[in-house]
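Remarks on the structure that follows.
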Amino acid sequence: MKKMILPVALGAAFAATSLSAATAGTLEDVQERGTLRCAVSTGLAGFSYTDENGKWQGFDVDYCRAVAAAVLGDADAVEFSPTTGKTRFTALASGEVDILSRNTTWTYSRDADLKFTFLGVSYYDGQGFMVKKSLGVTSAKELDGATVCIQTGTTTELNLSDYFTAEGMSYEPLSIETNTEGRANYLADACDVYTTDASGLAASRATFENAADHIILPEIISKEPLGPLVRHGDDQWADIGRWVLNAMKIAEEKGITAANADEMAATSKDPEVKRLLGASGEMGAAIGLNNDFALVAIKAVGNYGESFERHLGTQTKVNLARGLNAVWTEGGLQYAPPFR
């Protein structure tokens, strides 16, 4: 989601910490501890938030639970750590958490400089703008002179600056640190416009008392491929996280759901389905897991589409269509390598 700008020296410090923290063997640490430590957001509807019972829910949360199920056999064996755009990378690099699943954009600098390994794209997104209908605008090109709420320390600031410069417009930034602070300032009319990823805008709007009074403008001004990440230096742990995400996508392609996974494992004649669900081959052993790791994960949270529709889809308050996040067989970009 937000792409933090870090000076070279700080990036090097992150990298050194990250590589040191990753050398111990994360899988063994997690199994010995008996819990997976997962960094999430401080609260974003549909992605990661606590329900009325204090239990973490959401699309990003489901992924953490899937990893815990695959590694520990228990989707509830997760310690969730809420992090901000500023604290998330420190938490991961230091070893405070094992994995970061917090609507985070895959970028060159985060990969090559900060030494984090992205495990795939869980959500294709882009930066957008939300305004109140009463402002009377229908396009971002009409925002000249507007006050804009924007998270500080992120490249969202750079995207915003580039866009307004290219369009010959000016704006007044109002710096905020969290989505909660951004929503509060926007609703209090401290700013005319709130900008972040379009999915985040939809999630925020879903929490408003009068959601219909707010519109997300049609312009998308950046590419934001969001996904989970781990520290460099532990390829086995990265493979585990990557193939849990891939397994959820393949399951949707193949029609495997939380409800029918056991039956599919027992009766499917599709060789890839049988390999994925542990009914044939020794696929799990290659990454230090049981051969049915994907079966256990899918039974815990469902396939990619089930998780998407449960937390983000058109029948939820967030009301996001699949769009680019449909599987490739349905015209989207979600595509997993073969499980073979």
Side-chain angles (χ1 to χ4, degrees), residues 1-42 47-48 56 60-72 77-123 153-155 224-248 286-289 293 297 337:
M1 192 174 184
K2 303 295 179 292
K3 295 176 284 297
M4 185 172 294
I5 304 301
L6 293 168
V8 172
L10 184 54
F14 266 115
T17 303
S18 177
L19 289 171
S20 174
T23 54
T26 311
L27 174 61
E28 291 78 9
D29 289 346
V30 170
Q31 291 177 330
E32 182 177 348
R33 189 189 313 126
T35 55
L36 173 73
R37 299 185 302 198
C38 182
V40 292
S41 75
T42 54
F47 285 92
S48 49
W56 282 96
D60 289 337
V61 168
D62 272 2
Y63 170 74
C64 295
R65 295 196 187 281
V67 173
V71 171
L72 300 169
V78 188
E79 298 174 11
F80 292 100
S81 296
T83 58
T84 68
K86 286 187 173 181
T87 64
R88 56 185 165 174
F89 297 128
T90 302
L92 181 59
S94 68
E96 178 185 337
V97 298
D98 307 306
I99 198 163
L100 171 59
S101 181
R102 187 202 175 280
N103 46 290
T104 298
T105 304
W106 187 350
T107 70
Y108 172 84
S109 61
R110 289 172 176 178
D111 189 329
D113 185 26
L114 300 189
K115 306 304 181 187
F116 295 132
T117 298
F118 282 80
L119 308 178
V121 178
S122 58
Y123 191 95
T154 70
T155 55
E224 308 292 335
L226 312 180
L229 55 151
V230 297
R231 296 176 290 275
H232 273 192
D234 189 342
D235 289 346
Q236 179 191 40
W237 185 241
D239 284 342
I240 289 169
R242 179 178 300 112
W243 282 100
V244 168
L245 179 59
N246 285 338
M248 293 175 67
I287 53 175
L289 300 181
F293 76 92

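In what follows, residues are counted from 1 in the order of the sequence shown.
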- Determine, step by step, whether T84 and T87 satisfy the side-chain hydrogen bond (donor to acceptor under 3.5 Å, both in side chains) criterion, reporting the C-alpha distance in whole Å, the side-chain angles of both residues, the deciding distance to 0.1 Å, and the verdict. CA-CA 5 Å; T84 68; T87 64; 3.3 Å; yes

- Between G241 and Y63, what is the shortest heavy-atom contact and its length? O-OH, 2.7 Å

- Main-chain N/O of T105 paired to E224 side chain as donor or acceptor, under 3.5 Å: no

- Query: Will you find, in the side chains of D234 and T26, an N or O donor that is under 3.5 Å from an N or O acceptor?
  - Reply: yes

- May I have the step-by-step check of side-chain contact (heavy atoms from CB on, under 4.5 Å) for L289 and V71, ending in yes or no? CA-CA 7 Å; L289 300 181; V71 171; 4.2 Å; yes

- How about W237 and T117: do any of their side-chain heavy atoms sit closer than 4.5 Å? no

- Verify side-chain contact (heavy atoms from CB on, under 4.5 Å) between V97 and E79, making sure each step is shown before the conclusion. CA-CA 9 Å; V97 298; E79 298 174 11; over 6 Å; no

- Query: When rounded to the nearest 0.5 angstrom, what distance separates CG in L229 from CZ in R242?
  - Reply: 11.5 Å

- Query: Which heavy atom of L27 sits nearest a heavy atom of G288, and at what distance?
  - Reply: CD2-O, 3.8 Å

- Message: Using the rule given for side-chain contact (heavy atoms from CB on, under 4.5 Å), can you reason through F116 versus T104, listing the C-alpha separation, both sets of side-chain angles and the distance that settles it, and then say yes or no?
- Response: CA-CA 12 Å; F116 295 132; T104 298; over 6 Å; no

- For C38 and S101 the tightest heavy-atom approach is SG-CB, 4.0 Å

- Task: Mind listing the closest non-hydrogen atom pair of W56 and S41 along with its distance?
- Result: CH2-O, 3.5 Å

- From V244, I99, D239, L100, residue fulfilling side-chain contact (heavy atoms from CB on, under 4.5 Å) relative to L119: I99

- Message: So does L226 get a backbone contact from the side chain of S122, meaning a donor-acceptor N/O pair under 3.5 Å?
- Response: yes

- Do any N or O atoms from the side chain of R231 and from the backbone of L92 form a donor-acceptor pair under 3.5 angstrom? yes

- W106 vs F118 aromatic rings, parallel, tilted or perpendicular, using cut-offs 30° and 60°? parallel

- Item | Donor-acceptor under 3.5 Å (R102 side chain, F47 main chain) | no

- Query: Is the closest side-chain heavy-atom distance between N103 and Y123 below 4.5 Å?
  - Reply: no

- Message: Using only atom types and a distance under 3.5 Å, with no angle test, would you say the side chain of D60 pairs donor to acceptor with the backbone of S48?
- Response: no

- Query: Checking R37 side chain against E96 main chain: does a donor-acceptor pair fall under 3.5 Å?
  - Reply: yes

- Message: Ignoring hydrogens, what is the shortest heavy-atom contact between A39 and T83? Give both atom names and the distance.
- Response: CB-CG2, 4.0 Å

- Query: Are E28 and R33 close enough, and set up right, to give a side-chain contact (heavy atoms from CB on, under 4.5 Å), and what steps lead you there?
  - Reply: CA-CA 8 Å; E28 291 78 9; R33 189 189 313 126; over 6 Å; no

- Got a donor-acceptor contact below 3.5 angstrom from the T35 side chain to the V78 backbone? no

